[in-house]
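Below is one structure, written out as structure tokens; comments come after it.
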Amino acid sequence: MTRLTLFYFTNWLILLVYIFNNALFLNLEKSLSNPFEMEPFFFFMTLNTPFFLILIIKGATKGFAKIFRSNEFNFRYLTVFLILFTFIFTVIDAKVLSIYRDHFNLKLYGLLFEAGVMQDMGVHLSDLILLTFQLLITILWIIFSLKVSIWFYSKYLALIPNFITNNFYQIFKILVILSLIEKVFFSYFYYTEREDTLTNWNSIPSYTVLRMSKVWKPILNAPSKAEKAAAKITWDFESDFLDSQNKLSERIKEITADKNDVNIVFLVFESLRYDMNVPEIMPNLNYYKSKDKWISSKQHFSNSNCTGNGIFGTLSGQTPFYWYPSYKKELQPSPLSIFDKLGYEIDVYTTTALGYSDMDKHIFTNAIDNVYKFTGYGGGLGHPMVKRSDLFKWDQIMVDEFLEKFTNKTSNAPNLSYLWFYSTHYNYYFPEEFGKFKPYIDRHYQIYEKGLREESDLVFNRYKNSAYFVDSQIRKIVDRIETNGQMENTIIVILGDHGEEFNEFGRFAHSYSLKNVQTSTPFIMYMPEVNNINYNITSHADIMPTIMDYIDISIPYQEIVSGKSLLDYNPNLDYAIIQECEITERPKKFLIADKDWKMEFSLSGGKIESGLLETINDETVFPDTASLFKSIKQTLLKKAEKNLGHYSIQN
């Protein structure tokens, strides 16, 4: 034993209590009241987590001491810092797990500290003061426990039984071996019982994972030589895309359109997911879906599960593979360049920030003629009583301004108007007369609240009320355009930028899952003289190709965009591709969905690899034979590969 032993032990005990308490709460399977209700391996994982963290801290301290030819005690303040960091990280990780059901990492750091996100999550000054106070108490506790450990060692070491002092290092070695055994078992279960293992992993704050992929993958799932060869890719598809865009910039100068007087109106709603389009919640939208000249599909997907990547698909007509090179090179979406060349007046009306994810640099670019921002009204996201916050008025004022300009325009130039509604974004806003779904949460709440999971239904009702409200704004716009005699030369597109989850799969909000609730949105499109389409699956990337096909531009739309036209049915293109949310990095994880199946796949290390397979309704797949499982995956992967090479094929 050393002067730091009691210090390690007391802080291990604090971590143990905190991690167990949160693991009980975060467990998805059922509400657990005590650790003994846990499954044995889940219990073992939770028990080992604080010990393994202390083990890492002790190892790091001893390692630094050896480098400087000193002893562990002389580096005790390094230990203090590492334990303080561990406490802070564990608290943050527990809150992140409650929202995203994944551990805090660099990607989530970029997401959470993106401009405006903390405000959106309801973080107050009082929260920051409380966190500062908690940090101060933690620092005082750690210093106090260090002093007590040193004092106890010098004064009362003799009180510890000889059995413990004589066998301390042997006991410690046994605990280290057991800790490593748990990690090895986790790595094995990660490849053999992945779903249950991930559920356990994402229920334990600060769990340190050991995958050992180079050990288990060749043993348990070794690919054949043919599969290895087929999986190889290069990043040349990005270069081919950029080359095609450079060539296109010259061709656009001569572009024409057969229908050059068609107005285009986008009605885009923050976080509006697909299952809101039912008569009880959005009666007007649901009514339009059944009318002539309004088209829709069986299932519609955003390009991503977050705003920037999703909006990119809507206005660029590109599938997710081409977001990253467009973002890095700050390319203006080609369709906007085309409409600008065709003489369109392009207007953006928004009640949300355009600077999020640098959208003002690679989406809302110089082609935009006018930007009308409505972001200075209401009580704000931090209002102490959300039910009194009148942020919905932003949308009402925006709609009135748009209708005034659109229906009374004097210019003969066609118009492309993009309206971006905020009311359906967290905290979900609506006038009290639209509070149809009750009870709903009517207090200020934060998305990372520990007890919010028990109030999921109340939060969901609040969200449905906001959808019910914006449905009335859709009706107001459509009625006004119709009574003004403009329907026969206007295209109207209605959709969400992405979906929103309410704990259906253990998460809140969006940005961190490829389940339908986060990736699928309503999609209704009015096109004069078009009554139906044959596609089952559509995506944001298909909207601009459809519009360009409808107005019959002089360059084939396939040479401009990688999405499909919904007016030109091709059964081989009846699918959608979705990317995981990224703010600044190249996405590695994608999803491809056809009318029956959804499959995750990844692009990394020069390879394209298939992953989790589910039904289109997010149901786990248990195929009868391995060959069936492989056949489905290969079919989907070939479709993804073809889209990946879209511009290579064009060249």
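- Side-chain atoms of L591 and I577, non-hydrogen and from C-beta on, never get closer than 4.5 Å to each other.
- Screening N617, T615, N516 for a side-chain hydrogen bond (donor to acceptor under 3.5 Å, both in side chains) with K598, the sole residue that qualifies is N516.
- Counting only heavy atoms from C-beta outward, the side chains of H103 and N202 approach each other to under 4.5 Å.
- Looking at Y426 and V459, their side chains never come closer than 4.5 Å, going by heavy atoms from C-beta outward.
- Inter-residue side-chain proximity for E501 and S513 is flagged as met; some heavy-atom pair is nearer than 4.5 Å.
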Pair E500, E270 - check side-chain contact (heavy atoms from CB on, under 4.5 Å), show working. CA-CA 9 Å; E500 190 85 335; E270 271 283 357; over 6 Å; no
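- Applying the side-chain contact (heavy atoms from CB on, under 4.5 Å) test between T79 and each of N11, L84, I57 identifies I57 as the sole match.
- Aromatic ring centres of F20 and F43 lie closer together than 6.0 Å.
- Between the side chains of H498 and T307, at least one donor N or O sits under 3.5 Å from an acceptor N or O.
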Determine, stepwise, if the pair R586 / E238 fulfils salt bridge (Lys or Arg N to Asp or Glu O under 4.0 Å). CA-CA 11 Å; R586 177 186 280 118; E238 291 186 352; 2.9 Å; yes
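- Side-chain contact between N48 and K183 is present, with at least one heavy-atom pair separated by less than 4.5 Å.
- A cation-pi contact, defined as under 6.0 Å to the ring centre and within 45° of the axis, is absent between R462 and Y428.
- Proximity of T519 to S302: side-chain heavy atoms (C-beta onward) are nowhere separated by under 4.5 Å.
- Counting heavy atoms from C-beta on, the side chains of I204 and I19 come closer than 4.5 Å.
- The two residues F502 and E504 make their nearest non-hydrogen contact at N-OE1, 2.6 Å.
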Should F460 and Y440 be marked as a ring pair (Phe, Tyr, Trp, His ring centres under 6.0 Å) after you check the CA-CA gap, both sets of side-chain angles, and the distance that decides it? CA-CA 8 Å; F460 190 40; Y440 60 84; over 10 Å; no
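- For the pair I54/F9, no side-chain contact is recorded, criterion being any heavy-atom separation below 4.5 Å from C-beta on.
- Taking the centre of each ring, Y327 and W323 come in below the 6.0 Å mark.
- Geometrically, K589 does not engage F601 in a cation-pi contact defined by less than 6.0 Å to the ring centre and at most 45° from the axis.
- Side-chain atoms of D497 do not come within 3.5 Å of backbone N or O of I311 as any donor-acceptor pair.
- A ring-centre distance under 6.0 Å is not found for F186 and F41.
- Electrostatic pairing of E72 and R3 does not count as a salt bridge here, judged by no charged N lying under 4.0 Å from a carboxylate O.
- Residues K588 and E582 are not paired through a salt bridge, judged by the lack of any N-O separation under 4.0 Å between the basic side chain and the carboxylate.
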